[in-house]
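Just below is one structure, and these are the notes that go with it.
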Protein chains: 2
Amino acid sequence: MATIKDVAKLAGVAISTASYALSGDRRVAAKTKEKVLEAAKQLNYRKNGFAMDLKRSRTNTIALILTDLSGPYYSELIRSVQDVALSNGYDLVACSSMGGKESTAVKFLREKRVDGAIVLAHNITDEVLLQTASSNFPIVAMDRVTTGEGLISIVVDGELGGYKATRHLIDHGHQSIAFVSGPANSYDNMLRYQGYLRAMHEAGLEEKAKWRLSGNFVRDGGYKVTKMMMMQGELPSAIFYGNDEMAIGGIKAIEEESYSVPDDISVIGFDDIQLAEYINPPLTTIRQPMHESGSLAGHLLFQMLNDQEVNDSYKLKVELVERKSVKSVEEVSKSLI
Amino acid sequence: MATIKDVAKLAGVAISTASYALSGDRRVAAKTKEKVLEAAKQLNYRKNGFAMDLKRSRTNTIALILTDLSGPYYSELIRSVQDVALSNGYDLVACSSMGGKESTAVKFLREKRVDGAIVLAHNITDEVLLQTASSNFPIVAMDRVTTGEGLISIVVDGELGGYKATRHLIDHGHQSIAFVSGPANSYDNMLRYQGYLRAMHEAGLEEKAKWRLSGNFVRDGGYKVTKMMMMQGELPSAIFYGNDEMAIGGIKAIEEESYSVPDDISVIGFDDIQLAEYINPPLTTIRQPMHESGSLAGHLLFQMLNDQEVNDSYKLKVELVERKSVKSVEEVSKSLI
DNA sequence: CTGAAAGCGCTAACAC
DNA sequence: GTGTTAGCGCTTTCAG
């Protein structure tokens, strides 16, 4: 591999001159520059990125760390972060935290291969974040509330979301409402559940233990849990699934047993993933402000990178998007007559 | 930022000893090692990744380059590449080629910030690929046929796909079949179109110019073009959309005009994106073997990285997945009686 | 305008 | 086992 040294030699100039010429410094004579460029081309010279980063001790790159690069949910988020990065003249790389402590993500953080990071990955411990972040290595954590030096957090108001979802069901006359939760250790899930409880209590409704089930935030979990619920006989009139994936699985289960959504059972989800609007019936759900949060995360990161003051935690509002998977009980009974 | 030098000094050992201790070389005494580790912890020492890469002149990382990180189509591909990378002990970063020559992607390639790359991004020119690839910087290009030193390619048999799709329609008795194409400069599109033509000619059918329209591979394009077609009056009995996105837009247009898919018009797509199975009616389409191609790309890259021989181009088969958007003309006419 | 030289932080011979 | 040292390839003073 040709180095700048080779280029300089071939062009018959000093290394520094070659460097200047290559990086377009204006003080090299046009003729010299041309010579260098020619030599570079001839040698198929490629500058070595690390050497440069090492010297500059800056990478001009930020990382977006996700649990699973292949998850389809993040598209909007990724896009907005990307836009912000681009408009700040920074590069963005995405990497996965699969593999926990050994993952690419953790390596990137620990070894400072980037100038800062946005992390949306629950399998990275708070400890790692706290240890890695510092004023010259800012991190924006999403969906968790850890803060510290150089570490700020953005969360979405899941409690409010849970409340809104449940309230929507109650407002439509539902009294028996099941909650299908995600993993027990999930902070998001807990918030959504708390919102659910608040709405239920406020309306003087009771949560039935047998209608609180866990589907682990995955489609198949929602499916299985719903099947189980149906086998037990007594059914709720509405189900609040902790996320859309589970709701999609749930709807499938419901329809397989020849019940109809929303005629027999109303369903509401959470997230508003892309699929939500395409399934049948289109899913009423709580929309996560992906675009806003990505964009906010990006901006905050750059503010920190530029040593500007930022708050250390942000909470984003959430909204209900009404589609066709919830029907009011009055309407349902009317149509039965 | 503490460097290894600081650690060594605090621990009272030489730099090399510190380095050995930190990287777990077995020849340092347990006690020394402990001292070093303790010092490192105290200083909150983080090793500098570039310095290491520079020294080692290897990064243990490969890049997956996509046009748009936020595209949802690639999930399966990303996952399979990720699996292969992980199981080879390599890290994977994904980056976007948005921004063309100035993009992160091109920078990563030119500056060799990784050991090799898989690129699925049409806005990166063949030239860049050819220039950057070399025996010690292998690149696997997907969806294009450029090859060169250290550069191999994987394509999916689009011609066959186009043929199969069209043939499926013909086998269902359709004679007037429209083709909605993607961008004119798209290689994929061309292949699919050729397959379409081959099937048409083989069946002695004629392509009508007015039924060959371009929807630019986007949903809205499919929608508009279909609307236009419908306004012109005479309708085909089936439409082959160059990709699923356009088909989804097209179906919307068709239904807005109170026609039904597949009762009035049969529709077939290409790609088998996740949505395809969820829309109404579920879309019959040609499945791209995303998982297989990702996995193949990964394996080939590692073979090249390990200086093993590989072919320089691979072509993957494609299969039809039959769902509900195509109906045979006999069935249709029967139901009209 | 050009050249010599000092490192950036780390690894890996090599010598003790 | 541990210390010394020579770079990896580049940028960037500082002299000339």
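Chain A is the first sequence line, chain B the second, and so forth, proteins listed ahead of strands; every chain is numbered from 1.
Taking five base pairs at each end of the helix from C:dC1-D:dG16 to C:dC16-D:dG1 and finding the rotation axis that steps the C1' atoms of four pairs onto the next four gives two axes whose angle is 40°, to the nearest 10°.
Listed by residue number, the members of residues 37-52 of chain B with any heavy atom below 4.0 angstrom from DNA chain D form an empty set.
Atom NZ in A:K35 sits about 8 Å away from atom P in C:dG3, given to the nearest Å. For B:D25 and D:dG3, the CG to C1' distance is 14 Å, given to the nearest whole Å.
Side-chain contact check for A:D68 versus B:R79: some heavy-atom pair is nearer than 4.5 Å. At a threshold of 4.5 Å between non-hydrogen side-chain atoms, the residues A:F108 and A:T104 count as touching. Put simply, the side chain of B:L92 does not reach to within 4.5 Å of the side chain of B:T61, judged on heavy atoms. Considering only heavy atoms from C-beta on, B:L305 comes within 4.5 Å of B:I62 through its side chain.
Side-chain N/O atoms of B:R26 include none lying less than 4.0 angstrom from OP1 or OP2 on D:dG1. At the phosphate of C:dG3, OP1 or OP2 sits under 4.0 Å from a side-chain N or O atom of A:T17. OP1 or OP2 of D:dT11 has at least one side-chain nitrogen or oxygen of A:S19 nearer than 4.0 Å. Using a 4.0 Å cut-off, no side-chain N or O of A:S16 falls inside it from OP1 or OP2 of D:dT13.
Among the heavy atoms of the strands, none lies under 4.0 Å from A:S23.
There is a side-chain donor-acceptor pair under 3.5 Å between B:N44 and B:R46. B:T59 and B:D115 are linked by a side-chain donor-acceptor pair at a separation below 3.5 angstrom, with hydrogens and angles left out of the test.
Side-chain atoms of A:K55 and base atoms of C:dG7 include a donor and an acceptor less than 3.5 Å apart.
For B:A14, the side-chain atoms get nearest to D:dT4 when compared with the rest of D:dT13, D:dT4, C:dC10.
Heavy-atom nearest nucleotides on DNA chain C were determined for A:I15 and for A:A30, and the one closer to the 5' end corresponds to A:A30. DNA chain C is contacted by both B:R27 and B:L54; B:L54 maps to the nucleotide lying nearer its 5′ end (nearest heavy atom per residue).
For the pair B:R113 and A:D53, the salt-bridge criterion is met [side-chain N within less than 4.0 Å of a carboxylate O].
Geometrically, B:R27 engages B:Y20 in a cation-pi contact defined by less than 6.0 Å to the ring centre and at most 45° from the axis.
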